[in-house]
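Everything on this sheet refers to the single structure shown next.
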Amino acid sequence: MTIKENLTKIDQYLAKCESEDIDIKDALSCYSSALEIADNTIKELNTLSEEMVLIEKKYDTLVKTPISFSSDD
Amino acid sequence: MFNKEKSVYSVSQFNNLIKSFIDEIPPFRDVFLKGELSNVKYYQKGRQLYFNLSDGNAVINCVMYDTFLKQLKFDPKNGDEVVIRGKLNLFVKRGSLSFQVAHMALAGQGELKQNFEKLKAKLLKEGLFDPNNKKKIPQLPTKIALITSYDSAAMWDFITIARETVPSMMFYIIPSTVQGDSAPRELINALDIVEQCDDIDLVVMMRGGGSAEDLACFNDEALVRKIAECSYPLISAIGHEIDYTLADFVADMRSATPTDAAKLVVSAYLQLVLQLQRRCETTFHYLNDKIEERREEIYQRIEDFQSHLNEEIVTVKETLNHKLLRLEQANPLHKLRQGFSITRLESNSTSCKSIYKVKKGDVIETEIYDGVLLSKVHLIKEKS
């Protein structure tokens, strides 16, 4: 699932947990599921940050390497 | 083969015999000669003057030594018509004849030169030298007809210099004598051959330096007229810097020497190469600049994207934290920690959310934070 879909799912579980009609067992189940999705979402966000750093380093090297033509080429 | 009555001489003996004969014969001992000077050259730091004397049909080698040179009242030059007095001399060792000059004086304008000027004026009047009639020399010729003495220094100088710049240049060599009585006819024949070619760009007629007599064939009227009729552009490259023949005047262009003619022919190629080099350099600089611009642009866009993404990540994390807080608040276990409990019917484990779901005597489970209490309903009271 995308991060956006994860957030939507968490909202759905929250709505259930905060509902007056929910059974305590269902509430506990929704709570656990929501926590799990939140954990996974945080991990994905951290991975994204790390990948962005790698990309920046890669392009930093590429972009800063001078390319020059000469009449001998 | 050998007649017993004839003497057999050594070369020295024979040469000495000739010398003694010459020295004794009055016409050879003191004689006046008239003719035109050519090939005038000083040697031994100006103490000896060598020249040829010609009447247009024959030539004699002459020398004038320092003792007599001092008495000269003019500076002898090629073309001067002179009268000389001296004697014939044989150099025994070399076996060569020369005329030793004791006196020399100007006799008026040289006949050869006179004839040259006369013909030049005639052809000029006819318009053969008119600049408007000159054909344009092609800038980038690829096939050139060379009319010259075959295997001569002039021929190889031209080919070598031309091919240094344009290795692919093609040459049609049309050999011809370039001096003497037969030269005009051969040169005209060479031009006839040129007219039969249909794929040449340029004709070059050339020879190396020489005396005025050597170059005289290029003043031949028939040859000059033939050059004027040539349908291809023609460059003359005859003799040295200062030598001008009628062929030079009628040619479409004149070069001082065969070497200069070769340089002239390839000059446009050199210009083209220089222009191409300059254009390449300009293009390279332009491309380099453009690449640098785009690199900067790409780098900026990567930075912008990274910045935007980081902002998005921070926003999402904040949203997530907010939801986690709400989740914690909604955590049923959190309620139990606060002192709330959950009551269920032991019989079916359903939550008791209403007094009307239980009756007196039912066994109920009360889940508190750290355990479960079992109890029996003793009294049910409705909330007032």
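Counting heavy atoms from C-beta outward, A:Ile3 and B:Leu320 have side chains that stay 4.5 Å or more apart.
Looking at B:Glu328, the atoms closer than 4.5 Å to chain A (heavy atoms on both sides) sit in the backbone and in the side chain alike. For chain A, no part of B:Arg294 is nearby; none of its heavy atoms comes within less than 4.5 Å. Only the side chain of A:Ile10 has a heavy atom closer than 4.5 Å to any heavy atom of chain B. Residue B:Leu324 touches chain A through its side chain alone, counting heavy-atom pairs closer than 4.5 Å.
With rounding to the nearest 0.5 angstrom, the CG atom of A:Leu14 is 9.0 Å from the NE2 atom of B:His322.
At most 12 heavy atoms of other shown residues, nucleotides or ligands fall within 6.0 angstrom of atom CD in A:Glu36. Counting non-hydrogen atoms of neighbouring residues, nucleotides and ligands closer than 6.0 angstrom, the NZ atom of B:Lys357 reaches no more than 12 such neighbours. By the 6.0 Å contact criterion, NZ on A:Lys16 is open, its count of non-hydrogen atoms from other residues, nucleotides or ligands being 12 or less.
Each salt bridge (Lys or Arg N to Asp or Glu O under 4.0 Å) pair with one or both residues in residues 299-309 of chain B, not counting sequence neighbours, would appear here, but there are none.
Most heavy-atom pairs under 4.5 Å with chain A, from the set B:Asn331, B:Thr319, B:Ile342, B:Leu333: that is B:Asn331.
In terms of heavy atoms, B:Leu327 sits closest to A:Leu35 at CD2-N, 3.8 Å.
Each of B:Val316, B:Asn310, B:Leu309 was checked for a side chain to side chain contact (heavy atoms under 4.5 Å, CB included) with A:Leu48, and the lone residue meeting it is B:Leu309.
Contact annotation for residues 40-47 of chain A against chain B (heavy-atom separation below 4.5 Å, listed by residue number): A:Thr41, A:Ile42, A:Leu45, A:Asn46.
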